[in-house]
Protein chains: 2
Amino acid sequence: MSLRHAALGLLSAGPASGYDLLKTFEISLAEVWPATQSQLYGELGRLAKEGLVRVVSEGPRGRKEYEITEEGLAELRHWLVEVAPNLSRRNDMLLRVFFLDQVDADAARGYLERLAQQAVHEHDQLRGVRESVISQGDDALRMYGDIALEWGLRLTAAQRDWAEWAAARVAALEQQKAGHAAAE
Amino acid sequence: MSLRHAALGLLSAGPASGYDLLKTFEISLAEVWPATQSQLYGELGRLAKEGLVRVVSEGPRGRKEYEITEEGLAELRHWLVEVAPNLSRRNDMLLRVFFLDQVDADAARGYLERLAQQAVHEHDQLRGVRESVISQGDDALRMYGDIALEWGLRLTAAQRDWAEWAAARVAALEQQKAGHAAAE
DNA sequence: CAGCGACATTCCATTAGTGACATGTCGAAA
DNA sequence: TTTCGACATGTCACTAATGGAATGTCGCTG
């Protein structure tokens, strides 16, 4: 149930409408905690009913500006440091690896090589983001964004290395088997 | 919708009952694709109805032994190499990092240090698994299990390094601020 | 042979997440 | 001035996942 905390977190930076938050979810938070409108608007309603956020003003087009309340802030801080992060570990990519013996070595190697390429691509994109962000200053405010970005960079680098290593292992086994076959 | 593929994957290694599969989900697949009984039994029923698996025998206690069919195997192979892995990117731990500026530097540092400790712990556990597995031979059959294990080892190592680095950065900023305060 | 623990399945209520549709308003540009 | 795209919210149907309860059987051990 972290969508609510994501919403609270965004509102902790200042009041915003559901529409505003949605934009942030699509842009900044898409890689970490994607959300659809239906979910977000629903959650905002619930948060308001529970008093963790409050409607501060109604703008044009029925726009409702939400503000985080003291209770909301308390809940956010509580969640941040006192609630154990549940490492939601579902990993489609890794699940496939377990069953890769169901396809031939060529296909398996292809899969792993594609993973490596994807990792390189994502890594490059993140580097691009860092370049574009590095120009505008204020170290203190940007720190946690930087730290998150660094996580992405390290993860994609590790993923690339691993996938390349794995592809090489599969290739080595392929070779070995080919050798055996030739020797018979 | 990968639960079905996880089930198919497990059944590709040989017939088993829902109960058997559940054990595997709890033990081997828990870190990659957890599943509850309600989900698994439901999915097995659906898979059977669609002809991807088949009940081969009914044992004592109403036990139903499922076997993967040709269609099931085809679907599994298709999924393995032709369907784009959706990197399910929801990450509770990283989401918190974005909002860590809502707590003081000490608490933030504490959070990151705990992450590092957890990563070390998980890394050690995985090393234990590797040690216990390394004794029984057959390189070829174990390869993909090894590759998956290696992923875990590399990921936890990277996570530890990152968390330590991040904690140090937060500490550095803390120092810097303390210096500023003293200078005033 | 009594009883218990492992085996084994089914069902249900609830929450989280997806995707699409419906509805309407405002502001700027052609 | 009309019209179009961005703004803005709400709702619905559906699937995936969680967690727990209910129900019963088999096989071993005291």
Side-chain angles (χ1 to χ4, degrees), chain A residues 1-8 10-11 15-27 29-50 53-67 79 83-84 86-92 95, chain B residues 1-8 10-11 15-27 29-50 53 55-66 79 83-84 86-92 95:
Chain A
M1 205 194 29
S2 286
L3 173 68
R4 68 169 24 205
H5 297 113
L8 287 174
L10 292 180
L11 286 175
S17 69
Y19 193 83
D20 293 338
L21 295 183
L22 205 58
K23 284 292 152 64
T24 316
F25 270 100
E26 275 163 11
I27 299 164
L29 251 44
E31 298 305 318
V32 182
W33 207 274
T36 57
Q37 325 141 304
S38 13
Q39 240 190 313
L40 184 55
Y41 282 116
E43 194 61 52
L44 281 173
R46 250 167 280 141
L47 284 168
K49 212 165 62 186
E50 294 170 35
V53 304
R54 183 193 335 158
V55 176
V56 272
S57 76
E58 310 220 358
R61 279 170 284 211
R63 173 190 175 95
K64 290 189 215 161
E65 193 120 10
Y66 288 96
E67 184 184 60
W79 170 76
V83 180
N86 65 338
L87 33 127
S88 95
R89 48 217 187 288
R90 247 173 212 118
N91 188 332
D92 187 351
L95 179 64
Chain B
M1 206 194 31
S2 286
L3 173 68
R4 68 169 22 204
H5 296 112
L8 288 173
L10 292 180
L11 285 174
S17 69
Y19 193 82
D20 294 337
L21 295 184
L22 205 56
K23 285 293 153 66
T24 316
F25 270 99
E26 275 164 12
I27 299 164
L29 251 44
E31 299 304 318
V32 183
W33 206 273
T36 58
Q37 328 140 305
S38 10
Q39 239 190 314
L40 183 56
Y41 281 115
E43 193 62 51
L44 281 172
R46 251 167 281 140
L47 283 168
K49 213 166 62 185
E50 293 170 36
V53 305
V55 177
V56 273
S57 77
E58 310 221 357
R61 279 170 282 209
R63 173 192 174 92
K64 289 188 216 160
E65 193 121 10
Y66 289 96
W79 170 75
V83 179
N86 63 335
L87 34 128
S88 93
R89 48 217 188 287
R90 247 171 214 116
N91 188 331
D92 188 350
L95 179 63

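Note that the structure is predicted; figures quoted are calculated from it, not measured. We name chains A, B, ... by the order of the sequence lines, and we start the count at 1 in each one.
To the nearest angstrom, C1' of C:dG17 lies 13 Å from CG of A:L40. A straight line from CD of A:E58 to C1' of C:dC26 spans 16 Å, rounded to a whole angstrom. Rounded to whole Å, the distance from CG on B:L44 to P on C:dC11 is 14 Å. Rounded to whole Å, the distance from OH on B:Y19 to P on C:dG5 is 13 Å. Rounded to a whole Å, the CD atom of A:Q37 is 13 Å from the P atom of C:dT18. The nearest whole Å value for the distance from the CD atom in B:Q39 to the P atom in C:dT15 is 17 Å. In this structure, A:R46 atom CZ and C:dT15 atom C1' are separated by 9 Å, rounded to whole Å. Atom CZ of B:R63 is separated from atom C1' of C:dT10 by 17 Å (rounded to the nearest Å).
A donor-acceptor pair is defined here as one N or O able to donate and one able to accept, closer than 3.5 Å; such a pair exists between the side chain of A:S17 and the backbone of A:D20. With hydrogens and angles disregarded, no donor-acceptor distance shorter than 3.5 Å links the side chain of A:R54 to the backbone of A:A48. With hydrogens and angles disregarded, a donor-acceptor distance shorter than 3.5 Å links the side chain of B:R90 to the backbone of A:P34. Formation of a donor-acceptor pair under 3.5 Å by the A:R4 side chain with backbone atoms of A:E43 is not found in this model.
For A:R61, the listed nucleotide lying nearest its side chain is C:dG24; candidates were C:dG24, C:dT9, C:dG17. Distance from the side chain of B:K64 is smallest for C:dT9 among the nucleotides C:dT18, C:dT9, C:dA8.
For A:E65, the salt bridge (Lys or Arg N to Asp or Glu O under 4.0 Å) partners two or more places apart in sequence, or in a different chain, are A:R63.
A 4.0 Å heavy-atom criterion places the boundary nucleotides of DNA chain D facing chain A at D:dA6 to D:dT18, written 5' to 3'.
Between A:D92 and B:W79, the shortest heavy-atom distance links the atoms OD1-CZ2, 3.4 Å.
Direction change of the helix axis from one end of the helix from C:dC1-D:dG30 to C:dA30-D:dT1 to the other is 0°, with five pairs defining each end axis (rounded to 10°).
Interatomic distance, B:R46 CZ to B:L3 CG, rounded to the nearest 0.5 Å: 8.0 Å.
Comparing A:E43 and B:E65 by the nucleotide of DNA chain C that holds the closest heavy atom to each, the one mapping nearer the 5' end is B:E65.
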Quiz item: Could you walk me through whether B:N91 and A:W33 pass the side-chain contact (heavy atoms from CB on, under 4.5 Å) check?
Solution: CA-CA 7 Å; B:N91 188 331; A:W33 207 274; 5.8 Å; no
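When side chains are defined from C-beta on, A:F25 counts as touching A:L10, because their heavy atoms get closer than 4.5 Å.
The phosphate of C:dT18 has OP1 or OP2 within less than 4.0 Å of a side-chain N or O from B:R90. For the OP1/OP2 pair of C:dC7 and a distance below 4.0 Å, the side-chain nitrogens and oxygens of B:K23 include at least one atom meeting the criterion.
Nucleic acid contact class of B:S38 (heavy atoms, under 4.0 Å, all strands): base.
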